[in-house]
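These notes are about the structure you will find just below.
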Amino acid sequence: MIFIDLKDRTGILQLVIDPKKIPEADGLNLQDCISVKGIVQERPQNQKNPDLPTGEVELNVTKLTILSRSKTPPFVVEEEIKASEELRLKYRYLDLRRLTMQRIIIMRHQIVNAIREYLNSRDFIEIETPILTRSMPEGARDYLVPSRLYPGKFYALAQSPQMYKQLLMVAGFERYYQIARCMRDEDPRHDRQPEFTQLDLEMSFVTEEDIYTVIEGLFQYIFKKVINQDLKIPFPRLTFEEAITKYGTDKPDISFGMEISDLTRTLKNINFPPFTGKEKICGIIVSGAKSISRKHIDNFNEEAKKEGFGGIYWLRKEGGLSGSLSKYIDEGIIDKIGLKEGELLLVCAGDRKIYYFLGELRLSIGDLLNLRGKGYHFLWVYDFPLFEIDEKTGKINPCHHPFTQPKPEDIHLLDTEPLKVRGRQYDLVLNGNEIASGSIRNHDRSLQERIFEILGVDRETAAKKFGLLLEALDYGAPPHGGIAPGIERIVMLLAGVKSIRDVIAFPKTTQAQGLLENIPDFVEPEQLKELHLKIE
Ligand code: ASP
């Protein structure tokens, strides 16, 4: 008897073939494409496989047709894949035959389907917007497309439908969404792709609360539908300032505690020289800290020094007190800090930047103690600064994009202290990953023009680059706002995979190459000529 695992996208079925009756079964290769007929029968007791959905049965084949032969594949197509990612990407159509990959791609379909069901049932309209658009600074570098008909002129590939969705609000569609491809020519990074997909969404006559409600309901629906999990809504919220001072990041992982405590008042007068005169003294308390060894602490200390802080100072309460702070701290202070038996206090002093350092430290310890990422912890972060300073160029940039509306109560600071102005921006964070970002927009032309001015875009440039949006705002634009959750990130989290390339059917490498298509590639001189281009 010959046993064969026959695979289609729903799984595996065991075939039993008698080669005397069906001689061609003898010559079958892995990955051949066949069609069979036969009788489904219960497997003998000792051959049942409880781990397979079809493990109780097998197909006793009466007829076999070989539809197409396979050469020996360049790698073994198996679930526990051993082939290099390069080879997998080059022969992606074989890699995608693995049930693991099929499960992810099918889950992606189910997620997108759930999104459509939910939004359609709430009166949203799906509208496509152009991919070929005009080059418009939206944060990233554009991919450009030379025009054949207009020598020297270019289209740009849309970085997002941002401008169009705002125009759709001006056009009166009120509730729009689109599963939108976004293309950004950014520097390669392991978790980025030159093209990715967003659920792009925009609504008129809304406040932040309306956006939160739609998105919370949407995620609740997706989770129930796709992985049968009940999500608790509303999601917790933190202001940007709270996120930074408690977690040292604007995308906190709140799947575990260990928040940063501000100990400035408690510790500034303890006569410990490294703390003297420091703007901030902050720390984290690690419970169950037995497995944090002296060596770990020395490493944290080195890291802190590398970042330009004096170091990490520590105090362990176990039996007695030990650590670099033990001689400087008495019981009264221990009580104020709230350090309990078995806990370890790690402290850093410096300026506001220590929050970011302690935030990283908190995550490393979370990893070390295996505290991270159990369950799904959503969180809204809001009240972001409207602007930020680019550390390299010293230029003022939008924290989100230039269309975000300043908070009305901060508008009076726009000219004098722009960095103190908060924007009506909100991010949705899940287990430490930013999965959506959005804002209430400027629907008032003069306010939008003021923002451009602060960003150093002069009137002429603003008119040239954003003129069509500015003009549209002149014609009774409704107040509007929106958001754009990243589809890949959602699939990664739901499917439990770490690589963005695993949730895209045909991804590019981290170096923005398509190994399957062998792109980017040179083109024929004739094609360049048609496009009025010369390669220098
Ligand atoms: N267009 C924005 C982005 O791609 C999202 C939004 O503001 O709705 O991040």
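All ligand and atom numbering here is 1-based and tracks the order in the structure.
- Heavy-atom separations between E202 and ligand 1 are all 4.0 Å or longer.
- Between the side chains of Y176 and Q178, at least one donor N or O lies within less than 3.5 Å of an accepting N or O.
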Please assess R108 against E488 for the test salt bridge (Lys or Arg N to Asp or Glu O under 4.0 Å), listing each intermediate value before the final yes or no.
CA-CA 8 Å; R108 181 174 176 142; E488 282 84 6; 3.3 Å; yes
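- Taking a cut-off of under 4.0 Å to the non-hydrogen atoms of K165, the atoms of ligand 1 that pass are 6 (C), 8 (O).
- Contact between H400 and ligand 1 is present, with at least one heavy atom of the residue lying under 4.0 Å from the ligand.
- Near I483, with a cut-off below 4.0 Å to any heavy atom, the atoms of ligand 1 are 8 (O).
- Residue contacts with ligand 1, taken as heavy atom pairs separated by less than 4.0 Å, involve S160 solely via side-chain atoms from C-beta onward.
- Considering both main-chain and side-chain atoms, Q198 comes within under 3.5 Å of ligand 1 through a nitrogen or oxygen pair.
- Within the structure, ligand 1 lacks E434 among the residues with a heavy atom less than 4.0 angstrom away.
- Residues satisfying the ring pair (Phe, Tyr, Trp, His ring centres under 6.0 Å) criterion with F223, sequence neighbours excluded, are Y376, F378.
- Residues D250 and V381 come closest through the heavy atom pair O-CG2, 3.6 Å.
- The atoms of ligand 1 that sit less than 4.0 Å from any heavy atom of Q162 are 1 (N), 2 (C), 5 (C), 6 (C), 7 (O), 8 (O).
- For the pair C399 and P385, the tightest heavy-atom approach, listed with the atom from each and the gap, is CB-O, 3.0 Å.
- Between the side chains of Y177 and N120, a donor-acceptor pair is found at a separation under 3.5 Å.
- The shortest heavy-atom contact between I284 and L358 is CD1-O, 4.5 Å.
- Legend: side chain to side chain donor-acceptor pair (under 3.5 Å) pairs involving residues 455-464, not counting sequence neighbours, sorted by first then second residue: E453-R459, D458-T461.
- If you look at R184 next to ligand 1, the close heavy atoms, those under 4.0 Å, all belong to the side chain.
- Near G438, meaning under 4.0 Å from any of its heavy atoms, are these atoms of ligand 1: 7 (O).
- For S439, no nitrogen or oxygen atom sits less than 3.5 Å from a nitrogen or oxygen atom of ligand 1, counting backbone and side chain alike.
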